[in-house]
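Reading through the C-alpha cells given below for one structure.
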There are 2 protein chains.
Amino acid sequence: MSTIRDVSKLAGVSVATISRYLNQSGYVSKEAEETILAAIQKLNYKPNNIARSLAGKRTATIALLVPDILNPFFPEIARAAEDVASRLGYTLILCNTDYNPDKERNYIDVLINKRIDGIIISSYTIRPEQIYALEAENIPVVVIDNAWEDTPIVSITSANRTGGQMAAQHLLDSGCQKIAHICGPYHITAAKNRMLGYEDVCKQQEWFTPSLMVYGDFSVSGGYSAMRELYAKHPDIEGVFAGNDLMAAGAMKALHEFSVRIPDQVKVIGYDGIHMDMFYPELSTIAQPIYSIGERAMMYLDQMIKEHPLEKKNYLIDVQLIVNASSRSL
Amino acid sequence: MSTIRDVSKLAGVSVATISRYLNQSGYVSKEAEETILAAIQKLNYKPNNIARSLAGKRTATIALLVPDILNPFFPEIARAAEDVASRLGYTLILCNTDYNPDKERNYIDVLINKRIDGIIISSYTIRPEQIYALEAENIPVVVIDNAWEDTPIVSITSANRTGGQMAAQHLLDSGCQKIAHICGPYHITAAKNRMLGYEDVCKQQEWFTPSLMVYGDFSVSGGYSAMRELYAKHPDIEGVFAGNDLMAAGAMKALHEFSVRIPDQVKVIGYDGIHMDMFYPELSTIAQPIYSIGERAMMYLDQMIKEHPLEKKNYLIDVQLIVNASSRSL
DNA sequence: GTGTAATGTGTAACCGTTTACACACATAGT
DNA sequence: ACTATGTGTGTAAACGGTTACACATTACAC
C-alpha cells in the first residue's frame, strides 16, 4: 500500500502539491498534474481515509440509530438514507438500540469517539439534552419519527394527527358506524397523535365510547390480541383504524378467525404504508412517504454538515390515504 | 475535546504510560493508574478512535454488503451481524449494492480506503478474484448465501438442495400429486440448488413434466405472475413449492384470486422462514436460520481478524421444515 | 555481591494525510 | 521602475494516538 510520499518521490514534487491535486485545492500546474497522475496510476495509490480524517476532521461517515431494523419501517428509512449517503460520498453506520436507552447512550459515545460527521436518530426515549450534547461535539443531528415542541432540533415527522383524522374520516365516509382504534404505545408521540386524530373525528359521534380505543404494541401479535379484546367487547363494530400496518394485519387475522368478512362486515385501515403486497385483502392505509423521510433526513444532515443554513424545527411531511380492498365500499 | 497529552500533563506521567493504561498493555503502577484515572475523569477524556486507527491499524469497523436491505432476508442478517458486532466492539457499515456490480466494486474500493477490518458480502455477481483482492489488502471476507466449490473462501450457505428435497417430499407426503416449483433467478446458486432438490424428489414421479417449473424473481409479484402462468397450464396441480417465501405469498395471492382453497385444493410451501406472521393461512416453509447465518458470519469474521485459525471453506447450515396451515393435511 | 528477570516509566519516531506559511516567478497596472 | 496580484511549489508542523527502545529500580536466586 503506497503513501502520498511514495507518489511524491516518484513524481518529483512535494506531498503538498499531491494533496492539492487530490483535493483540488490551491494551484497545480498542468505538467505537475500529469506527472502526479502517472505516478498515482503506476503505484495504484489510494489516499488513506483514516489519515485524511485525522488531519482534515471529516470522516465522511454518518450513523443511523434505529430501535430495530427488523421493524419494516426502518429498512426503508435505511435504504433511503444509504442511497443519498452514498450519492453524497458518505458511508452509513447502522446501529440498533433495541428500544434500550442504555444501548442508545453507549452507541452515542462510541459514535462521538469515531468522530462521525452526523447522525440520524429514531428513538422514543432519547432526551433533547442528549442531542444538545452531540451538537456540542459539533455533530449535527436529525431526529425522525419523533419531535419536541419549541426546541431548536431538526426533526422530521409525518402529519400524524391529520393522518389519524383522515383514516377515521375515511371509515366514516365509507358508512361505518362504530369505529374502533387500536392505538400504538402510549409513550410514542406518533401513536398518540394518530389517536388524537381519531378522537377529533369520532368523539362527537353518538356511538363513541372510550372502550373503542385499545392499546397494541405496534406488532402483528399486538394487533391480533387487541382485536380479539375489542371484538369481545364490541362485536358490532364496523370499522377498525389501527395505529400501524402491522397491527392492522394482526387485527385482520383475528377478524378472519372470527369469520368476519372484510370489508363487507368490518372495514380496516392501517397506518404507515409499508410494503405488504403479499397481503389480501390488500390493506388500506395512511401512507407515510417513508423513503422520503429517510431521504430528507440525510439531505438535511448533509446541509448541516456543510454548514449551510437550516432552520432547526420540526418538518412535517404529508401523508396520503390509500384505499385498498380492506376498506373499499361496495 | 481533550487529548492524551492533556491527560499526560495533568496526571504528571508520560503519554506512553497513559496509552499503556488505556490498552492494558505493558506495566503501569497502582499509583500511576489512580492519577491517570482521576485526570481522565476530570477532563472527561475519550481516546480519539481515528488517531488510534491510524497508529494502530485497526478501525473496529466491519462492513455488510447486501443487495437490498428492503428484501426482508437482509434486515435479519443485518440485525444478527450488528448484535454480534456491537458485542465484540465493532461498528457496522451498511452497504446496498442494488444487485449492481458497479456499485459493488465501487463500495469495495471505498471500504478498502476506509481500512475496515473485515467485510461480510452477500452478492450473486461477485467473483472470487475480488475476494482475493480484498484479502490481499489484509481484509478478511465472509460470503453468505453464495459459495464456490473448491475455493479457499469462507462462505456460509444453508443446505439448499436438502431443503428443496424436504419441501418437495413434504408435499408428496401430504398427498399432493402434481407439484409445481416456482424457481428463483437462474444465476443465484441458492435458487438453483433448491430447484435441484425439487427435481431430485419429483423427477421420477409419473406426473412430472418440466413445464411444472417456472421462474420468478424472488419477489411477491414475481410469484404472483408465475402462479398465474402455472395455473393456466396446469389447473390440476395440487402442490406448489416456491423458491422463497415472498414468491409463495404471491402465489397464494394468485390462487386466492382463482378461488382455489389453500390447503384443501392446493398446498403451498415457501422457503426462507422470514417473519410473515400477518399472513393467513400461515405459510409452511423451509426455515433457514437467518439470524444464525448473520451471527456466524460475524463470528467467523472476528476469528479471521484476530488471526485465529479458521478453515476456508463453505459452511453449510441446516434448515428446518415448518408445517403451517398452507400445507397442512386435513 | 553479582547476575538476571520483572516491573515501571519516558523519549521520540511513526502512522498518512492536510495546510499555514514562506518563497519564487510571471504578469499587469501605474 | 515599482507595486500589486495571480500562479505554482516546498517545508514543516499539525492531527492524536501507539510503540520500539532505552533506561531505572526492585526482587530474588545463587
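It should be emphasised that the depicted structure is a prediction, and the values quoted were computed from it without experimental measurement. Convention: sequence-line order gives letters A, B, ...; per-chain numbering from 1.
By the 30° and 60° cut-offs, the orientation of the rings of Tyr99(A) relative to Tyr124(A) is parallel.
You'll find the side chain of Met298(A) reaches within 4.5 Å of the side chain of Ile120(A), heavy atoms only. Two residues are said to be in side-chain contact when any heavy atoms from C-beta on lie closer than 4.5 Å; Tyr45(B) and Leu22(B) meet this criterion.
Between the CD1 atom of Ile18(B) and the P atom of dT11(C) there is a distance of 12 Å, given to the nearest Å. For the pair Arg58(B) CZ and dT19(D) P, the computed distance is 11 Å after rounding to whole Å.
Judged by distance alone, the side chain of Asn96(B) and the main-chain N or O of Ile69(B) form a donor-acceptor pair under 3.5 Å.
The minimum heavy-atom distance between Ile305(A) and Asp117(A), with the atom names listed, is CG1-O, 3.4 Å. Residue Glu311(A) comes nearest to Val154(A) through the heavy atom pair O-CG2, 4.0 Å, listed as atom of the first residue, atom of the second, then distance.
A 6.0 Å sphere centred on NZ of Lys313(B) holds more than 12 heavy atoms belonging to other residues, nucleotides or ligands.
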* To do: Summarise how protein sits on nucleotides 7-17 of chain D as a single string, 5' to 3': B when a protein heavy atom is under 4.0 Å from the base, S for sugar-phosphate-only contact, - for no contact.
  => BBBBBB--BBB

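Of the candidates Asp145(B), Val142(B), Thr157(B), Ile317(B), Ile293(B) forms a side-chain contact (heavy atoms from CB on, under 4.5 Å) with just one, namely Ile317(B).
Side-chain contact annotation: Lys114(A) with Thr61(B), donor-acceptor N/O pair under 3.5 Å present.
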Do any N or O atoms of the protein come closer than 3.5 Å to N or O atoms of nucleotides 23-27 of chain D, and which pairs are they?
none

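Rotation axes derived from the C1' atoms of the five outermost pairs at either end of the helix from dG1(C)-dC30(D) to dT30(C)-dA1(D) lie 40° apart, to the nearest 10°.
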* Verdict with reasoning, Lys42(B) to Asp6(B), per salt bridge (Lys or Arg N to Asp or Glu O under 4.0 Å) -> CA-CA 11 Å; Lys42(B) 177 136 184 225; Asp6(B) 298 333; over 6 Å; no

